[in-house]
Amino acid sequence: MLPQSHAAERQEAEKALGRQPTIEKFPRRHAGAPILNSGTTAFESYNNALQGADNVWAPFASRIDYEVAKWAKLRGSGSTAFSELLAVEGLHDALGLSYRNTRELNQIIDRHLPCRRPRFKREEIIVADEAFDVYSRDVMECVKALYSDPDFSQHLNYTPKRHYVDADKTIRMYHDMHTGKWWWSTQAKLEAEKPGATVIPIILSSDKTQVTMFRNKSAYPVYMTIGNIPKEICRKPSRRAWILLAYLPTSKLEHITNKAARRRTATNLFHACVRHILEPLRVPGKDGVAMASGDGVVRRGHPIVACYSADYPEQLLTTGIKSGECPKCDVPHEELGSPDVPVKLRDLEAIVAALSLVDEDYDLWRQACQERGIKPIYKPFWLDLPHANIFQSITPDVLHQLYQGIVKHLIEWIKEAYSEAEIDARCRRLPPNHNIRLFLKGISNLSRVSGTEHNQICRFLLGIVIGIRLPGNLNNARLTRAVRAILDFLYLAQYPCHTDETLALLDDALTRFHDNKDIFLDLGIRSNFNLPKLHGFRHYVHMIKTYGTTDNYNTEYTERLHIDLTKDAYRATNHKDEYTQMTLWLERREKILWHDNFVQWRFVGDIAPQEIIPPDMDYRRAIKMTKHPTIKRVQLDRIVREYGATFFTEALARYVVGRNQPGLSAAQLEREAAHIIIPFDTVATFHRIKFNSINARGIQDSSVTMDSVHCQPSQEDKRGHMIPTRFDTVLVNEGDGGTTGVDGYRVAQVRVVFTLTNQASNVLFRAGPAQPPTHLAYVEWFTPFQQPESHHGLYKVARLIRHGERLASIIEISDIRRSIHLIPNFGVAAPREWTSSTVLECCSTFFVNPFSDRHAYLTLV
C-alpha cells in the first residue's frame, strides 16, 4: 500500500531542492588553476583574423548585405532559389549586395570568414579488407572549439565541487556534472600524478537515423559536448553546445552472406572508426594540453571520455555485451528482474586483459572473451583511453529506457489486463487541459508510437485504470500501485536537481513496483521480468551520484540534433555524394552562426559574469494577460446564460463587501452584500489566462506559455463548426498556500475572467492605499483536499454543493496558482453519455492529476 505519509515524506525530502547549497571546493588549490592569461579573448582573436575589421559588418559591405547572407544560410529555402531571387532585375543593386548568387556568397564565407570549428575530412578505414569512408573532425580541435567558445566562457566549470543542502555537509546535492563523484575522483587521480589539471569531461552520443521517408537512406552521426558547459546550456539546441564529430559508415555489408560474420564485421567497423576518431585524445587525456577558454585564460586541460549516451542497441555495440544482458554490470540475464541480486560493474581490467590476447592466440582470445561475457571485438575504441571505464560511462537513457522502454511495455500490459474498448472510452472522455493531449480515438490502435506520445499518455495513464475490474475479479490494487510506482520513478528520474533524500524516493518507487509487479504474472501477461531496460532502473541512483542528474546526458537532446545537423543537412544536398555536401553545408552554417555572435559582441561587448546557482526546480509561474479583453462588453445576463456564472452578481457583491470590510463574519457579509447595487450591466471578459516560467534568478520568460486556463463559451469557428464550451479547473491559493503541497489550496472551475472599469471600481471599492485588482475571476468550488487515496495516492475532490447549488466566489486571478487537470471517477465503466467537453458537468467526483506536467508533480505533493 502507498502510505498516506508518502506525500509528507516527499515534501520533506524535496524541501531543499533549488536552494543555494553549501559548497565544498576541491582541496588542492592547483586543481583547475590558470597557467597563463593570454590577454586576448576569443572574439578579439577572431577580430584580428578578420579582413577589413574596420567595417563592423566585414567581410560584408553593409548591414543589409550581412542580414541577407545570414537569412540565406540559416533560413533560406535553398541555394538555387536564392540565386534565382537575386537574379530578379534590379534587386541586387537595390539592396547593394556584394554577391550576385549563392556561389559568390559561398566564396565570401569560405575565403573571408575565419573557421572557429574544425573542418571535416574524409578518410578511409580498412576492415575485413574493405575500405569504408568516414567523415570526421579532429576531436581535439572540437574540444578546443567548445572550450574556447566565448558564449560559454562565463559559465564553464573548471573544478569539481561537493554541494550540500545543509551547513553540516551531511546531505549531498547533485545537478551539473561537476557536482557528481566521478569528476572529484578523476581530479584526485590527476592531481596525484601531476598537479594543476583541469578535467574536461567528454560526453559522446551516437545513433543511426533515417534521413528520408521512403528510400531508406540513413546516416550515422556521432555527437559530442564537454561536461564543463552547464546542462542548462547544453539542452538548448540554439546554444550549439553539442558539435557534430563524425558521420560513420552506414553500409549494410550485404556482400557478407553469413549473418554472424556480418554482425562481427559491423561491430569491428564501428569500433575501428570510433577508435580512429578518438585517437587524438589518448596523449592529452593522460599528460594534458594547454587550452585557452573564451576569456583568454589558459589551463592544462585533460580531455577524458566520461559518458556515452545511447539507446540499448547502441550501448551493446559500444560495450560489446551480448543482447539481453546489462551493458554495465554482470547480473545474469535470468536474474535481471530481481531487485535483490547485488549489482556490480563489470571488471574492466579483466575484460581488457581478455581483449588484449587478440595478437597472441586467436582461440585463447575468443575463449577469454566468452568467459568475461563480452563479444570478441578487435581492439574496441575504449581499450586504452586514459581514465575511462566504458561500463561506467554508459549512462541512463530516459527516452529509450523509460518512455520507449518500460512505459511502452506498461501500456501494453494494461491493454492486455483490461478491455481495450474501456481504456479507449476513458481516453475519449478526459477533460481538456493545456498540458494534456486528448486521444479522442483512444490509444489501443496507435502504431509507431513515439517517445513524445508515450510521454503524453503517461500524463493520464494512472487515472484511467482506477476502478476498472480485472479478469477473474482480481483486486486491481496491486496493478494500480505498480502503475503509480513506475510513474513516480519516471518523474523523479527527470528532476534537474537531486539530493541523497530524493534519490531515496527514487529507490522507494522502484521497490514499490517490484512489490506489486506479480499482478502481471497472476494475469498471465508476463512470465518473468528479465528485461534489461527494467534492470537498468537499478543503476539510476548510482549514475546520478556519479555524473549528476539525467539531463546531463539525455538522448532526447541528440535526437533533436538529428534534425539540425543531419536531416536538414541532407535536404540541402542533391542526394549525390551527399556527405561531402552535408559537411560543407554544416561548416558554412557554423561560420555564419559564429560570426553572428561576433557581430553582437561588437555592439554589446563582454557580458558580465553571473553567479552560478543550482538548477531551477520550476516552482514559480507568472500570470500573463492580454492587453485587451477578448470581448469588450458582455451583458450580465449572457454571463449567467453562456458562461454558466449563475450567481455572478451575488458573488461580486460578497467580494466587494469582503474587500471593503475584511473583518466581517460570514453572516454579516451576507447581510451587507444584500445591500450592494451593481452599477453596470456589462463587463469585459478574457477567455484565457497564460502562465510563464520564472527562473531561479527571478527572470520571467514571456516567450513560452508553460500553462494556460481557458474559460470560453461555445462558439463557431471560421468553417462554421461549433467549438464546445471549455471552462478549465485551477488550483487556487486560499491565502496560506506554500510552494509545494496542497495545504492552503483548493480546486475551482473558472467560469469568467473579467475586469471592471475605473468608474465601476471607484463606486464599488473604498478609497485606500491598496488598489483594487485589475482582473477578477468567477469560480465554482470543489471540496477541500483530504488524505490521498491509499492505492494510487491521488487526491479525490467533488463539487461543493450547498442547498442544492454550486458554491461560487469572485477571486483575484493572482490567487490562481496553475491549471489543474481532473480525471473523472469513471467507476467500473465510463458512462457512454459523457464526452470530453461535458464530463466536468456530468461527473460528480474527480481525482486530481499530479502527472499532467512536471510542475504539477512538484506542486501537488
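Atoms considered below: every heavy atom in the structure, side chains included; atoms not considered: hydrogens, waters and symmetry mates.
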Arg751 NZ/CZ over Tyr643 ring centroid, <6.0 Å and within 45° of normal |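 The answer is no, since Arg751 fails at least one limit relative to Tyr643.
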Should the pair Arg10 and Tyr857 be classed as cation-pi, given the thresholds of under 6.0 Å to the six-membered ring centre and 45° from the axis?
->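 Geometry flag: set, cation within 6.0 Å and 45°.
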Candidate pair Arg659 and Arg654, rule side-chain contact (heavy atoms from CB on, under 4.5 Å), full reasoning = CA-CA 9 Å; Arg659 185 173 179 85; Arg654 286 197 300 270; over 6 Å; no
Between [X] and [Y], does the ring centroid distance fall short of 6.0 Å?
| X | Y | result |
| --- | --- | --- |
| Phe647 | Trp781 | no |
| Tyr540 | Phe489 | yes |
| His163 | His175 | yes |
| Phe754 | Phe648 | yes |
| Tyr491 | Phe851 | yes |
| Phe686 | His775 | yes |
| Phe460 | His821 | no |

For [X] and [Y], which I'm curious about, is there any donor-acceptor pair between the side chains at under 3.5 Å?
| X | Y | value |
| --- | --- | --- |
| Arg484 | His792 | no |
| Ser819 | Asn433 | yes |
| Thr170 | Asp166 | yes |
| Thr838 | Glu841 | no |
| Thr845 | Asn825 | yes |
| Asp500 | Tyr174 | yes |

Point-to-point distance, once rounded to the nearest 0.5 Å, from [atom1] of [X] to [atom2] of [Y]:
| X | Y | atom1 | atom2 | result |
| --- | --- | --- | --- | --- |
| Thr502 | Ile171 | OG1 | CD1 | 10.0 Å |
| Arg481 | Asn516 | CZ | CG | 4.5 Å |
| Leu652 | Ser809 | CG | OG | 11.5 Å |
| His409 | Arg526 | NE2 | CZ | 6.5 Å |
| Ile525 | Leu479 | CD1 | CG | 7.0 Å |

Do the side chain of His498 and the main chain of Leu492 share a donor and acceptor less than 3.5 angstrom apart?
-> yes
Would you call the rings of Tyr655 and Phe765 parallel, tilted or perpendicular, where under 30° means parallel and over 60° means perpendicular?
-> perpendicular
Using the salt bridge (Lys or Arg N to Asp or Glu O under 4.0 Å) rule, collect all pairs that involve residues 684-695, keeping only residues at least two apart or in two chains.
->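 Those involving residues 684-695 do not exist here.
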Is there a side-chain contact between Cys711 and Asp728 (heavy atoms, below 4.5 Å)?
-> no
Do Phe826 and Pro824 have side-chain heavy atoms sitting under 4.5 Å apart?
-> yes
Sequence neighbours left out, what passes salt bridge (charged side-chain N to carboxylate O under 4.0 Å, His left out) with Lys415? Give chain and number order.
-> Glu412
Partners meeting salt bridge (charged side-chain N to carboxylate O under 4.0 Å, His left out) with Asp637 (sequence neighbours left out) |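 With neighbours one apart ignored, the set is Arg641.
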